[in-house]
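Data first, discussion second: the structure below is written as structure tokens.
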Protein chains: 2
Amino acid sequence: MAASGKTIERLSVYRRLLSMRTFSEEDYVYSHELARMVSGTAAQVRRDLMAIGVTGHSKRGYRIGPLVEEIGTLLDDPEGTRIVLVGAGDLGRAVLGFMKGRSSALTIVGAFDSDPAKAGRVVHGYRCRSMDEIEGVIAAERAQVAILATPADGAQEVCDRLVEAGVRGIVNFAPAPLIVPEAVWVERVDIATALEKVACLIRGVDETTM
Amino acid sequence: MAASGKTIERLSVYRRLLSMRTFSEEDYVYSHELARMVSGTAAQVRRDLMAIGVTGHSKRGYRIGPLVEEIGTLLDDPEGTRIVLVGAGDLGRAVLGFMKGRSSALTIVGAFDSDPAKAGRVVHGYRCRSMDEIEGVIAAERAQVAILATPADGAQEVCDRLVEAGVRGIVNFAPAPLIVPEAVWVERVDIATALEKVACLIRGVDETTM
DNA sequence: TGTGTGTTGTGACTTCTTTCACAAAAAGGT
DNA sequence: ACCTTTTTGTGAAAGAAGTCACAACACACA
Ligand SMILES: NC(=O)c1ccc[n+]([C@@H]2O[C@H](COP(=O)([O-])OP(=O)(O)OC[C@H]3O[C@@H](n4cnc5c(N)ncnc54)[C@H](O)[C@@H]3O)[C@@H](O)[C@H]2O)c1
Ligand SMILES: NC(=O)c1ccc[n+]([C@@H]2O[C@H](COP(=O)([O-])OP(=O)(O)OC[C@H]3O[C@@H](n4cnc5c(N)ncnc54)[C@H](O)[C@@H]3O)[C@@H](O)[C@H]2O)c1
């Protein structure tokens, strides 16, 4: 029942890929089909599904409905996850557009920016608020997670405020170190690193095939 | 000398963190300082640096200048990496803004969008072009890498064109499977997965401390 | 009923990654 | 000159992740 970080990531992807196409009550999927979608192996998919106790049928595969539901019981907080976004620049706008209209366990409960010109503006349906309000909103909404999309300068300071206000997980887009207490989880999303990795790996495909 | 994917990612981060602050010819950094910045361990940092043959000094640490340079010889293609961006929506704009003005081994050589209304528009200094031109630009510029920032629908089709035109690495933001030949490297960047992972991990911190 | 085919579930194995732990090196003080 | 402190470099151990291989099962069709 204990799923590792890697498994959690893949389960999230399986679910999204399955949810994208409509399926009926009696649709099944094979481990090798999921594997192909994520460029993995069938054995790995079966291990992942084993980790959350999902069981399939020989010769038919896994029933999609229960599979999606079971992934949900692992990934989704039954009380919902409430998220604040800090930094309503280009990237913040993209994230808001992306989150908009997803009926899911993840809800944006506030978008914040330090720029007074941004306060009050509505971005993709979310009203941008002043940073002064952020502690209040986090407390009132009991937000557990923050998306940090400010420039690197000042990211640590914003981070400290978020943690102090009760946030326990941060998705960090800023290319800054972010020092946090142990109880807080930081997930770095780094486009520059992704590009550099790809650029590096496509040279020398022979060695380091990973 | 063979660096794994994980090591490459961390080296990229070390370099960026070091490059952010100015340093003089004789500045040194300790493995534990780098470790703190990436929430890792000193031993791991030393292993990473060992992988690229960088050597430090007892009691003084690693000389920053040569370290940054040596990371560069691993990560950077000496001929430069030329990148095309497909999908000049919110996310594409954010990426263009992010890439703009970085004097680095990574260069955006074209931005493309299927929306005729977008063609000709200039985004963060990059002129958005019609999809008709993409094969020509990839060939003329010898672009090796693409950033895919279109909706999931049609992502596979765009991907096929990119691969056919000669692209060998793709950073994929679209929540779509992307089936590619073995010789092409796809790096998925997935905000939804990052959020779900954080949301999942901050519950149950006791178990699965990874 | 029996045979053939294709898939799951999983123990065992392999490979990759991280951590541990300590000798050796360098610097500073006395 | 010697001792103390701090840090590197790395072999060895531990741990995590991924792969293999195959028994067990389910279905199809004769
Ligand atoms: N755009 C990308 O693809 C990309 C990729 C990786 C990382 N990033 C990073 O994400 C961050 C945001 O990128 P962007 O393109 O949206 O930049 P941006 O300049 O368009 O937006 C930044 C926003 O943050 C606000 N801000 C600045 N300081 C703040 C503070 N202390 N508190 C609250 N809000 C503050 C600004 O007012 C602005 O609206 C940057 O750190 C960037 O390096 C961006
Ligand atoms: N915004 C985010 O934070 C985020 C996060 C994860 C994934 N994504 C994904 O990134 C993609 C882009 O997001 P966005 O917010 O920029 O969306 P968007 O709708 O703002 O932009 C998409 C752009 O792609 C263009 N486009 C559509 N089909 C195309 C095609 N076949 N060829 C070329 N261009 C095409 C559209 O004209 C539009 O300009 C989406 O797949 C989204 O799911 C976004």
Side-chain angles (χ1 to χ4, degrees), chain A residues 1-14 18 26-64 66-67 70-71 182 193 197 200-201 204-210, chain B residues 1-14 18 26-67 70-71 74 182 188 193 197 201 204 207-210:
Chain A
M1 265 296 180
S4 72
K6 285 275 169 65
T7 294
I8 289 172
E9 284 176 19
R10 284 191 299 263
L11 287 169
S12 162
V13 174
Y14 302 153
L18 290 173
E26 278 308 315
D27 278 346
Y28 285 75
V29 65
Y30 294 125
S31 57
H32 65 256
E33 291 177 307
L34 282 172
R36 190 170 145 78
M37 293 190 211
V38 301
S39 306
T41 69
Q44 183 171 69
V45 170
R46 293 203 296 275
R47 274 261 188 273
D48 287 338
L49 301 189
M50 207 167 61
I52 55 169
V54 166
T55 179
H57 297 273
S58 287
K59 203 87 162 70
R60 277 196 290 170
Y62 298 83
R63 211 151 124 241
I64 295 180
L67 170 52
E70 199 58 40
I71 293 177
E182 248 193 279
T193 293
K197 186 179 173 190
C200 179
L201 288 172
V205 177
D206 34 13
E207 57 178 358
T208 66
T209 315
M210 218 255 120
Chain B
M1 265 297 180
S4 71
K6 285 271 171 72
T7 294
I8 289 171
E9 283 177 18
R10 283 190 299 262
L11 287 169
S12 162
V13 174
Y14 301 154
L18 290 174
E26 279 307 315
D27 277 347
Y28 285 74
V29 65
Y30 295 125
S31 58
H32 65 256
E33 290 177 309
L34 282 171
R36 190 171 144 79
M37 293 189 210
V38 301
S39 305
T41 69
Q44 183 171 69
V45 170
R46 293 202 298 274
R47 273 262 186 272
D48 288 338
L49 301 190
M50 205 166 63
I52 55 169
V54 166
T55 179
H57 297 274
S58 287
K59 203 82 160 75
R60 277 196 291 171
Y62 298 84
R63 210 150 123 239
I64 295 180
L67 169 52
E70 199 58 40
I71 293 176
L74 174 74
E182 246 194 281
R188 169 194 292 274
T193 292
K197 186 179 172 190
L201 287 173
E207 58 179 356
T208 67
T209 314
M210 220 253 122

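Naming convention: chains lettered A, B, ... in sequence-line order (proteins, then strands); numbering from 1 in each chain. Model, not experiment: these values are computed from the prediction.
- Within the 4.5 Å cutoff, side-chain heavy atoms of Val13(A) are placed close to those of Arg188(B).
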>> Show, in sequence, the C-alpha distance, side-chain angles and deciding distance for Leu18(A) and Leu34(A), and conclude whether the side-chain contact (heavy atoms from CB on, under 4.5 Å) test is met.
In response: CA-CA 9 Å; Leu18(A) 290 173; Leu34(A) 282 172; 4.1 Å; yes
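- Under 4.0 angstrom from either OP1 or OP2 of dT17(C) there lies at least one side-chain N or O belonging to Ser4(B).
- When the nucleotides dC20(C), dG18(D), dT5(D) are ranked by their closest atom to the side chain of Lys59(B), dT5(D) comes out on top.
- Using a 4.0 Å heavy-atom criterion, one finds that Thr55(B) contacts the sugar-phosphate atoms exclusively.
- Between the C1' atom of dT5(D) and the NE2 atom of His32(B) lies a distance of 13 Å, rounded to the nearest Å.
- Along DNA chain D, the nucleotide nearest His57(A) and the nucleotide nearest Arg47(A) are compared for position; the residue whose nucleotide lies closer to the 5' end is Arg47(A).
- Listed pair Ser58(B) / dG9(D) fails the phosphate criterion, with no side-chain N or O lying under 4.0 Å from OP1 or OP2.
- Rounded to an integer number of Å, the gap from Glu9(A) CD to dA16(D) C1' is 14 Å.
- Closest contact between the side chain of Tyr30(A) and the listed nucleotides dC27(D), dG9(C), dT7(C) involves dT7(C).
- Rounded to an integer number of Å, the gap from CE of Met50(B) to C1' of dT17(C) is 12 Å.
- The OH atom of Tyr28(B) sits 12 Å away from the P atom of dT8(D) (whole-angstrom rounding).
- Within 4.0 Å (heavy atoms only), Ser31(A) reaches sugar-phosphate atoms of the nucleic acid but no base atom.
- Of the inter-residue distances, the one linking Thr7(A) atom OG1 with Ile52(A) atom CD1 reads 9.5 Å to the nearest 0.5 angstrom.
- The shortest distance between side-chain heavy atoms of Lys59(B) and Tyr28(B) does not fall below 4.5 Å.
- One can place CG of Leu11(A) at 14 Å from C1' of dA17(D), the figure rounded to the nearest angstrom.
- The Arg46(B) side chain lies nearest to dT10(D) when the options are dT10(D), dC20(D), dT7(D).
- Using a 4.0 Å heavy-atom criterion, one finds that Gly40(B) contacts no nucleic acid atom at all.
- If you measure from atom CZ of Arg10(A) to atom P of dA16(D), you get 15 Å, rounded to the nearest angstrom.
- The side chain of Lys6(A) approaches dA17(D) more closely than any other nucleotide in the set dT6(D), dA17(D), dT10(C).
- Nearest to the side-chain atoms of Tyr62(A) among the listed nucleotides dG9(C), dC27(D), dT17(C) stands dG9(C).
- Straight-line distance from the CD atom of Glu26(A) to the P atom of dC27(D): 12 Å, rounded to whole Å.
- The distance between atom CD1 of Ile8(A) and atom P of dA17(D), rounded to the nearest whole Å, is 10 Å.
- A close approach under 4.0 Å does occur between a side-chain nitrogen or oxygen of Arg60(A) and OP1 or OP2 of dC27(D).
- Leu49(B) CG to Arg10(B) CZ: the interatomic distance, rounded to the nearest 0.5 Å, is 10.0 Å.
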